[in-house]
Amino acid sequence: MAAFEPVLLRNRGVEGSTTLKVYESRGGYQAVRKALKQTPDEIVAEVKKANLRGRGGAGFPAGVKWGFLPKDRKKTLLCVNGDESEPPTFCNRVLMEHDPHQLIEGTIIAAYAVQAQTVYIYLRGEFHEQFHIVQKAVDQAYAAGYLGKKIFGSDFSIEMYLHRGAGAYVCGEETGLIESLEGKRGWPRIKPPFPAIEGAFRLPTVVNNVETLSCVPHIIERGADWFTGIGPAHSAGPKLFCISGPVKRPGCYEGAMDITVRELIEREDMGGGMIDGKHVKAVFPGGCSMGILSADELDMKLDFDDPRNFGLLGLGTAAAVVIPHDMDMRVVLRNMARFYGTESCGQCTQCREGTAWMHKIATRIAADAGRPEDLDVLLETARNMGMMPGLSICGLPDGATFPIETTVKKFRSELEEYILAQPKGRAEYLLRVLN
Amino acid sequence: MSWKAIDRNQPVIEKDAAPVLSEAVREKIRSFFPRYETKRAVLLPALHIVQNTLGYISWQAMAEIAEILEIHPADVMNTTSFYTHFWTHPKGEKVVTVCRSISCEAMGGAKMLDTIKKELGIDEHGTTKDGRYSLVTEECLAGCDHAPCLLINEKMHKCVKAEDIPTLLADVDNNKLSMPRSDLFDPPSEKQAASATMQDSVVGTTSDVSEMREAE
Amino acid sequence: MAKIIIDSQEIECRDGVTALQAAIEAGWDVPHYCYHPGLSVVASCRLCLMEMKMPHPQTKEMGWAPKLLPSCQTPAREGMEIRFNTEKVKKNQENCMEFFLLNHPLDCPVCDQAGECHLQDYSYKFGKAESRMVDQKLKNPKKDIGPRTLLYSDRCVMCTRCVRFTQEVSGTHELSIVNRGSRVEIDVFPGLPLDNPLQGNVVDICPVGCLLDKDFLFQRRVWELKRGESVCPGCARGCSISIDHVDEKVYRLKPRFNPKVNDWWMCDEGRFGYEYIHDKKRISSPLVRRGLEQTTPNWEDVPAVLRYRFEQFVKAQGGAKVVAVLSPFMANEEAWLLAKFIRDVAPEASLAIGPVPYEGDDQIFPAKASGDGIKFTILKEKAPNRKGIESLLESLGGSTLTCEQFVEKAGAGEFMAAWVVGGYPKPWVDKDTAKLAGKFDLLVAQDIFENEFTTKADIVLPACAWAEREGSFTNADGLSQPFHWAIVPPDGARRDGQYLFEIAGETGLFSAARVREMMAASVPNLSQVYESQRKPAHAH
């Protein structure tokens, strides 16, 4: 297979790639110059034509999102969603670490396209080094006149501010992010009104993922046709895939959305296969919210559509983590349940109570005190919390149910074995002691 | 006991207590106002700055932030309690944030956490007696390619092996970043404190733009 | 009026309401916690989810959407079709009830809310009998969050109504949400307790037993209480209230929905201002003084005694020396009956209005709001019926006086016979007024507590508290609203309306409605009353 010519990661590994000088020397900030000569509508049309689907997880086309803005708006805001919190995803981190100017350039173009003069880059609180890198890059861009008043000598002015989160997964949801930006708890808002109509500070707001915006300069520079030429039609463009777990080369790799999970794990230029003679027992292929694949489902294509055929929620963030054969599935179950139990915002009933309940059950099972019926309770709770289409304000509970449901369904025999192997009466004993 | 209600009528802030936020800190918080449409939106930056200055966000600090942002102290409490990053009681000099996401768990994160607990002699959310270390866990630090990983203050330590932990914790520089830092959320420097207002600078940046332009 | 279809039945609903409100008003009992018509919509309890017909994204053909939608958030639009009677909707309600009860302590036997608890009602109606959770429950603490209110977090369903109330209605922001996930709680900032003039409402809107009124705590099981409909006499606003009572004792007052006056709310001053009703020092029987001799007459003799005394006086000194002072705490009907009697025995008699108490300034909520932003007002005029009495005096004509004119003329000795009505919950006779008490040859004092007038009066009549009376009050906006008696007067006393009815020469039982018919000719504007419609029992 021909090596993929990296687009988003082309500056990774280049000495000083975070500096303006190196970025420009490698052709940076040309796309924005080109864009500023076009009308905003032309850029929106181009991005629509490229069918740039959001890389944050939902896969909603960015150009269509921009098109939702009301025509007679006075002030527009653009928020860059850098609250990457989905385990095991780190592609935004890599982009910001190695190529912050690419993000800034994409953001300027997007801001021009939607005529947003204020941009907030929302970074999760755990990103410290990345914050300093991006902030320094923003400083350089200001100094060069690429940000601020009348950028590049055009009539367009733009202010770019970094806003740091403080540890909340749900702030990656676009309305949760908006609430957090407003200084409130990150409780997602009810929709409608959608952010494009009434977002942060009640102004029309566009929220785009870091990776989505990093694609924008390339679409402008090379055209929508080039972009749609990469990968299958419904999942066009370069995509970053993350692979972690016990593989030889854990990391972030770029490719078209035509590879399979197996390729991601085993290809020499990607995961490179398993370490220490371990073999794959299961994979969370798209961030844990999308659900789990068993070892015989590794031929799933990493595009926006195929995951549904395997009982998963979607492509998600295309970040895969490999569960090795020697890992206890009860631990995986507990880890998943704990994540959502800790990160549920507490607003909607199903999610607030359901995630905590699943966490209790999963913890108990992992502590050798499971009951055979617990697995059914888990499955039913997952379903009652609202599988797609969801029952709650945001998608977090959907994301919480998929890993639980798929793990219990696909690894039921293993989990049952563990439960049956427990000392007799232990569950009853523990329950009596605890209660 | 379970019938006993916690008394919330009693003030936790002493009357006539001296302010905990210096004028320089207040001015730094106010310098964020032009960035947002509302004063309330400055709450997260303000909490970061205050935590970086005082180490944690005390009741009194919440009340003082509320005063600066013209909101009710209960609203500050509301936001502060939502985010795991903010401490409402004193923490250690260095905070060890251990990732416990699925990738780290698959790569031996639990063992790493146990070793740290044993080494420091504290449990999660605990602080060592000498006040040097606090230990917390986070759901995912987005460092899965370097699992298992942990943060010590701002510095990320990657691919941490359980046997390396004693050396890591003994290292005095284990929290120092070797890179240019932005002072956006840092305690106000003496220079900022002296100049008090930062009106002339470009609000989006943390560096002196004119100086940078000259250097170009 | 929009027409919408709910469960295949076409109904008409008010314009601009949500599907949930339309369904509730049309009689559907749709479970809901977070939705309250007086607060913003957050759609977080997810109990009111419904199915709705929507156009298919591709074919545009109308069909039932696969996703359940929150009815509290969906506006009712002409022709929309929704349903609640499906398996899917019912299953969600059942699941939600299971989730709500997961960590609930099930302490109904010691919970004040039991009996009017929507967790109980909904569990019974929409939930299932058992919980499948075997693990330990979360135990959130009980908190004393203010001088009058307790918060038992373990019973909370996180509807956040109380928080939104303090943000949107009282504008005082004391309550807030802390923590996240299953650990969320309602709390106040320590030292800044929930202490605003409207705080009692948070207890009313709490659908479960989480927020508790210390005044009512452990006093009575709610199913024993009887509910009387009344109007608050605390200020000139005239909020609609209900009086919860049993065994002739008032246990609590609750606001009653009235879109023209108070919406869903009432203030603490009114809510807790009923204690005086059960004061032991109340005057409870009539009294006739002849020199040093004091007798307690039979109620049957009182009309004749009064008529005789006044007729004798008028014969001796002339009707122009007679004055009746009508208290702004009297109902319109009572005032009319008294005026009728006085003008009957002395057509040239003067009618005056008693002093109107004022305290501080009008308070609006949220503070600094204006126009439609004002959610509630407490008036400085602390009497329920100044407007009604003034209106009555104006309609009746003849010699009518303001309070100041009465004080001045009585001080100058122009009146020798007076019938002075009090009925104020607080002492009302100031130094200057007190001097008047000794200036009359014939003094009738009708009051609730002893004061300079009652001690010097020739005839004392016990006045009743408003909870024992019947009639109508006209509020500051000129709206006349009826109130009904909830409890009987103390032993020995009679309702003011009843004895004034008899004194005015009528026979039989007093009824405010009947008196209003009699008033129609002389005071047409007070004979019409407005009573707000009752909310359906399942709306809360």
Side-chain angles (χ1 to χ4, degrees), chain A residues 84-90 92-93 124-129 131-133 135-136 138-140 142-144 147-148 159-169 180-186 201 203 242 244-246 250-252 284 288 319 321-324 327 331-332 335-336 339 342-343, chain B residues 35-48 69 71 75 78-79 81-86 97 100-107 110 138-147 151 153-156 177 179-182 184-185 202-207 209-213 215-216:
Chain A
E84 179 172 64
S85 311
E86 174 85 20
T89 311
F90 48 89
N92 291 355
R93 192 203 85 211
R124 66 182 300 211
E126 290 80 359
F127 280 165
H128 295 288
E129 299 176 22
F131 159 71
H132 295 303
I133 293 169
Q135 181 66 58
K136 284 292 163 195
V138 167
D139 290 353
Q140 288 169 347
Y142 264 109
L147 291 171
E159 295 293 342
M160 188 178 284
Y161 307 122
L162 266 68
H163 184 93
R164 296 191 75 180
Y169 171 66
S180 180
L181 187 70
E182 289 185 4
K184 301 173 184 161
R185 53 175 41 230
F201 313 112
L203 296 168
C242 300
S244 57
C252 180
F284 285 99
C288 57
V321 58
V322 180
I323 308 297
M327 193 168 176
V331 173
V332 175
N335 190 298
M336 288 300 123
F339 175 73
T342 321
E343 296 297 346
Chain B
R35 293 173 163 237
Y36 300 95
E37 305 284 323
T38 62
K39 285 188 176 174
R40 162 118 200 208
V42 179
L43 184 48
L44 250 64
L47 290 170
H48 278 293
L69 305 187
I71 53 179
D75 291 332
N78 179 337
T79 303
S81 70
F82 183 79
Y83 299 95
T84 54
H85 186 75
F86 298 126
T97 311
R100 52 179 190 180
S101 79
I102 184 72
S103 303
C104 290
E105 183 127 28
M107 299 298 284
E138 227 1 287
E139 282 310 330
C140 184
L141 298 175
C144 315
D145 46 346
H146 310 295
L151 279 171
N153 286 0
E154 291 196 334
K155 170 114 176 122
M156 184 178 258
L177 280 184
M179 59 190 298
R181 285 184 79 264
S182 152
L184 190 60
F185 298 104
V202 182
V203 285
T205 67
T206 61
S207 312
V209 172
S210 53
E211 254 174 50
M212 285 172 79
R213 277 186 189 141
E216 285 281 312

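We name chains A, B, ... by the order of the sequence lines, and we start the count at 1 in each one. Here the structure is a predicted model, which is why all the values come from computation and not from measurement.
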Audit row: His132(A), Met179(B), side chain to side chain contact (heavy atoms under 4.5 Å, CB included) steps and yes/no: CA-CA 8 Å; His132(A) 295 303; Met179(B) 59 190 298; 4.2 Å; yes
If one checks every heavy atom of Arg164(A) against chain B at 4.5 Å, the contacting part turns out to be both
Side chains of Glu126(A) and His85(B), donor plus acceptor under 3.5 Å: no
Applying a strict 4.5 Å limit to non-hydrogen atoms, the region of Ile102(B) in contact with chain A is both
Determine whether the aromatic ring centres of Tyr36(B) and His163(A) lie less than 6.0 Å apart. yes
Whatever's closer than 4.5 Å to a heavy atom in chain B on Leu147(A) counts as neither
Ranking Thr89(A), Val138(A), Leu181(A) by heavy-atom pairs under 4.5 Å to chain B gives rank one to Leu181(A)
*Short question: side chain of Asp139(A), backbone of Thr206(B) - any donor-acceptor pair under 3.5 Å?*
yes
Contacts of Phe86(B) meeting ring pair (Phe, Tyr, Trp, His ring centres under 6.0 Å) (sequence neighbours excluded), chain-then-number -> His48(B)
Can a salt bridge be assigned to the pair Arg185(A) and Asp75(B) using a cut-off of 4.0 Å between side-chain N and carboxylate O?
no
If one checks every heavy atom of Leu177(B) against chain A at 4.5 Å, the contacting part turns out to be side chain
Among Phe127(A), Tyr169(A), Phe339(A), the residue with the most heavy-atom pairs under 4.5 Å to chain B is Phe339(A)
Greatest number of non-hydrogen atom pairs under 4.5 angstrom with chain A, of Glu105(B), Arg100(B), Met107(B), falls to Arg100(B)
Subject >> Side chain Thr79(B), main chain Gly183(A), donor-acceptor under 3.5 Å >> reply: yes
Quick one, Asp145(B) and Cys242(A) - any side-chain contact, counting heavy atoms below 4.5 Å? no
